[in-house]
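First up is the structure itself, then whatever we jot down about it.
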There are 2 protein chains.
Amino acid sequence: MELTERKKKVLRSVVDLYIRTAEPVGSKAITELPDMKYSSATIRNEMAELTTMGYLEQPHTSAGRVPAAAGYRLYVDELMADYRLSLDETQSINIAIEEKMQRVDKMLEKVAKLVSQATDLPAISAASRHGSTTVRRFELIAADVSSVILVIMLSDEQVANKVIKLPVQTLQSDLQVLSAVLNATMTGLTPDDFTADLLERVMNAAGAAGALVPVIMEFTAEVLRGHGSTNMAVAGQMRLLGQPEYRDVDKAQKIMSTLDEEALSNLPAIMQNQNGTKVLVGPENVAQELKDTSVVMTKFDIGDGMQGMIGVVGPTRMDYAKVTARLSYFAESLSKMFAKPEQAALPQSAEEPHKEA
Amino acid sequence: MELTERKKKVLRSVVDLYIRTAEPVGSKAITELPDMKYSSATIRNEMAELTTMGYLEQPHTSAGRVPAAAGYRLYVDELMADYRLSLDETQSINIAIEEKMQRVDKMLEKVAKLVSQATDLPAISAASRHGSTTVRRFELIAADVSSVILVIMLSDEQVANKVIKLPVQTLQSDLQVLSAVLNATMTGLTPDDFTADLLERVMNAAGAAGALVPVIMEFTAEVLRGHGSTNMAVAGQMRLLGQPEYRDVDKAQKIMSTLDEEALSNLPAIMQNQNGTKVLVGPENVAQELKDTSVVMTKFDIGDGMQGMIGVVGPTRMDYAKVTARLSYFAESLSKMFAKPEQAALPQSAEEPHKEA
DNA sequence: ATTAGCACTCTTTGTGTTTGAGTGCTAAGC
DNA sequence: GCTTAGCACTCAAACACAAAGAGTGCTAAT
């Protein structure tokens, strides 16, 4: 059943107002809006119908109306106005992003912090890999007489390293043998392939330096797993306290602990097959604990076969338009940034102008 | 002016009770304590005097007494009983710590989380270096035709790496030259030595592969600076909400934002020259914002010329005895753990028993 | 020196009472 | 027919006021 234009307009006004004030909206407040040419009685009738249809709710008889989940849904899907980012906003986002980011985990932390700042809500960021990573090459560098550095080059252009103390004096030639064996047997494998059987075979083949193999294998598995698994960061939990719905400390605490935990760890998975910006309104949420909150999230491209995701968590009554706009812009800017060729050994021109209309 | 034994006993009881209940303590409550053989009137007199001496405070005429800052000070310095950790507590701390910790920053995050868990308060952890780090050796590994991996071995046994895209085809021999030049000129230096002058000299000496020098130098400086600077992590901010004094969201929010910021960054510095466990009571605190809170912190040894610090932030009415005990034990355990020789290539015996009476 | 006793203070708690925003419905108006 | 003015009704929030209770300081008795 389609809603009349007028009903939509009323619904939209209610949601807009409620987002602004966090207080139930009465019929009078609606009539006072510009270009609302009906009397409060008419609005009351409309609101009564919207209530029976399930788009609005009444906390108690003599209160105004509050959007129900279905109301929010309709609002985000159809009714809300596009929020236009101001030049200020885009600029501050750009400036924030342009600092160089080193490692993925640090990057995620930073991004989460930035998003949280930009939206004034708790934010999550995550990165995950499409396929699985494998080792492309092993390299052993003698550091000094008693230690050697293992360098692992991965299929995704990343590099990991570890210092390994040598149990006994080991000859340079032994290390070369070991290196050759590693490259011959352990490249292109996933952590699952690292069986006890393989371990034994490699150790036998490695000969003198075979004692190093268990450490190497363990470290390698760790790195691969670490790279394969979803990496994520949360920032700005305390911002929830700024929201009137969480003035009640108990409520806030409950959500906070959920935020800290792994209830969020399936959010990235949800984005996996989605495109664009996704809004989960209240009860549509994954975790039961989040049924009074909404989640807005979107993807961005990291390159190197990695997929990023940013999102924020907030009260169902959050400013979807603004949040969605900022998030999308963030995602876009991040994708652009990662798409830029690594600022390589180009002698000068370290600085590039970033202005965009 | 020394306090009489009885006054001390009363003061101690007041603080103990207040720590437990978070409510002003009345004379009657004190008399009900075991081995308190005086009547409430006597206690009242004592409390009145303690109040005029500045050890206690009265929220209002008909309320009980609350410890004043001086009272807490005396309490932590002289009066509080040693808290004996239960076997359970030591064990759970040990188990928590024994997981392997990889990088320093990850380690700090984990430690902060653990400490926060153990104390049920927000925790900070930090690590800083005694001297300054320098590069011991540079190594360049050709990864494929268009990229090379820079491996930097530092004076503290740590290793950093970075993938550098080559601007143009570069010969293996050029890289060898570059490597030699780097090792000859840029080892043993601090970031401050990396002047434009040095850059030019190295670039000239490096010849064909000189274009890589700026990137290398920048990265090196970054790594050295990163290693030199104090690294820190905060965890469990939300635990503050569990404390009755922060049921007022505004208060909580204020402290929280202070926690997040760099007001804490001078805490590690304070520990620098201190030994053992240090307690900052309320107004003794560094940041004005923390005047209603206390900080307990202690040092631990990371080895490799690094110094660690853990601390917690909480209401002035926190259980100093318990917190101090847990913190000290944590610090001890951590020091022990880092003192253990790196679990190197010893073929088996991966597991060691940890039981201690 | 200690303590019982008591008047006094001031917060907390409870209880009606009032207020006012907002509603649903009916009947009049366009 | 839709719209709107009007009105009785509901109910949370705000207020005022009283009573309760915890704790004190002081005095006088032990």
Side-chain angles (χ1 to χ4, degrees), chain A residues 2-11 13-18 20-33 35-68 71 244-245 247-248 317, chain B residues 2-11 13-18 20-33 35-68 71 244-245 247-248 317:
Chain A
E2 258 306 317
L3 289 174
T4 65
E5 270 319 303
R6 195 170 67 184
K7 278 205 178 50
K8 284 186 186 171
K9 195 166 171 186
V10 171
L11 176 55
S13 305
V14 171
V15 180
D16 276 340
L17 269 179
Y18 187 61
R20 263 229 314 278
T21 62
E23 306 263 293
V25 180
S27 52
K28 187 136 166 268
I30 301 284
T31 50
E32 275 159 6
L33 254 38
D35 83 300
M36 189 57 83
K37 308 182 250 307
Y38 298 95
S39 76
S40 66
T42 311
I43 303 297
R44 270 205 294 286
N45 287 329
E46 294 287 48
M47 297 212 307
E49 287 186 56
L50 283 167
T51 305
T52 59
M53 289 191 225
Y55 293 110
L56 294 178
E57 278 176 354
Q58 225 171 350
H60 56 265
T61 22
S62 80
R65 299 305 209 287
V66 158
E245 24 270 284
R247 306 235 84 210
D248 179 10
R317 173 206 62 77
Chain B
E2 257 307 316
L3 289 175
T4 65
E5 270 319 303
R6 195 170 69 183
K7 278 208 178 47
K8 282 187 186 170
K9 195 166 171 186
V10 171
L11 175 55
S13 304
V14 171
V15 179
D16 276 340
L17 270 179
Y18 186 62
R20 264 229 314 278
T21 63
E23 306 264 293
V25 179
S27 52
K28 187 141 166 265
I30 301 284
T31 48
E32 276 159 7
L33 251 40
D35 81 300
M36 188 55 85
K37 308 182 249 312
Y38 299 94
S39 76
S40 66
T42 311
I43 303 296
R44 269 206 293 287
N45 287 331
E46 293 288 47
M47 298 211 308
E49 287 187 55
L50 283 168
T51 305
T52 57
M53 291 192 225
Y55 292 110
L56 294 178
E57 279 175 353
Q58 225 172 352
H60 57 264
T61 22
S62 80
R65 299 304 208 287
V66 159
E245 24 270 285
R247 307 233 84 211
D248 179 8
R317 173 207 62 78

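In this text, all values refer to a predicted model and were calculated from it rather than measured experimentally. Letters go in sequence order (proteins before strands), and every chain restarts at 1. Computation of the quantities below employed the complete heavy-atom set of this structure, encompassing side-chain atoms and omitting hydrogens, waters and symmetry-equivalent molecules.
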Just the atom pairs and distances: protein N or O near nucleotides 20-22 of chain C's N or O, under 3.5 Å.
unit_1: dG22(C); atom_1: O4'; unit_2: S62(A); atom_2: O; d: 3.3
unit_1: dG22(C); atom_1: O3'; unit_2: A63(A); atom_2: O; d: 3.3

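- Taken from CD1 in I43(B) to CE in M36(B), the straight-line distance is 5.0 Å, to the nearest 0.5 Å.
- Around atom CZ of R20(A), no more than 12 heavy atoms belonging to other residues, nucleotides or ligands sit under 6.0 Å away.
- The structure places NZ of K7(B) at 10.5 Å from OH of Y55(B), a figure rounded to the nearest 0.5 Å.
- The distance from the NZ atom of K28(B) to the CZ atom of R44(B) is 11.0 Å, given to the nearest 0.5 Å.
- Residue M47(B) holds its CE atom at 9.0 Å from OG of S40(B), rounded to the nearest 0.5 Å.
- For the pair E46(A)/I30(A), no side-chain contact is recorded, criterion being any heavy-atom separation below 4.5 Å from C-beta on.
- Here T42(B) reaches the OP1 or OP2 of dT3(C): one of its side-chain N or O atoms lies under 4.0 Å away.
- The residue from V66(B), V10(B), L11(B) that alone fulfils the side-chain contact (heavy atoms from CB on, under 4.5 Å) condition with L56(B) is L11(B).
- dA1(C) atom C1' lies 16 Å from atom NZ of K37(B), rounded to whole Å.
- The distance from atom CD1 of I30(B) to atom P of dT3(C) is 15 Å, rounded to the nearest whole Å.
- The residue among Y38(B) and H60(B) whose nearest nucleotide of DNA chain C lies closer to the 5′ end is Y38(B).
- Here the shortest heavy-atom pairing between P24(B) and Y18(B) reads N-CE1, 4.0 Å.
- Close approach of DNA chain D to chain A, defined as any atom under 4.0 Å from a non-hydrogen atom of the protein, starts and stops at dT3(D) to dA12(D).
- Rounded to the nearest 0.5 angstrom, D16(B) CG and L33(B) CG are separated by 8.0 Å.
- Taking 4.5 Å as the limit, some side-chain heavy atom of R317(B) sits within range of a side-chain heavy atom of P244(B).
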Give every pair of a protein N or O atom and an N or O atom of nucleotides 14-19 of chain C that lie under 3.5 Å apart, one pair per line with the distance.
none

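- Counting to the nearest Å, the C1' atom of dT3(C) and the CD1 atom of I43(B) are 11 Å from each other.
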- Message: Go through it in stages, so that I can follow the logic: the residues are L50(B) and R65(B), the test is side-chain contact (heavy atoms from CB on, under 4.5 Å), and I'd like the CA-CA distance, side-chain angles, deciding distance and then a yes or no.
- Response: CA-CA 10 Å; L50(B) 283 168; R65(B) 299 304 208 287; over 6 Å; no
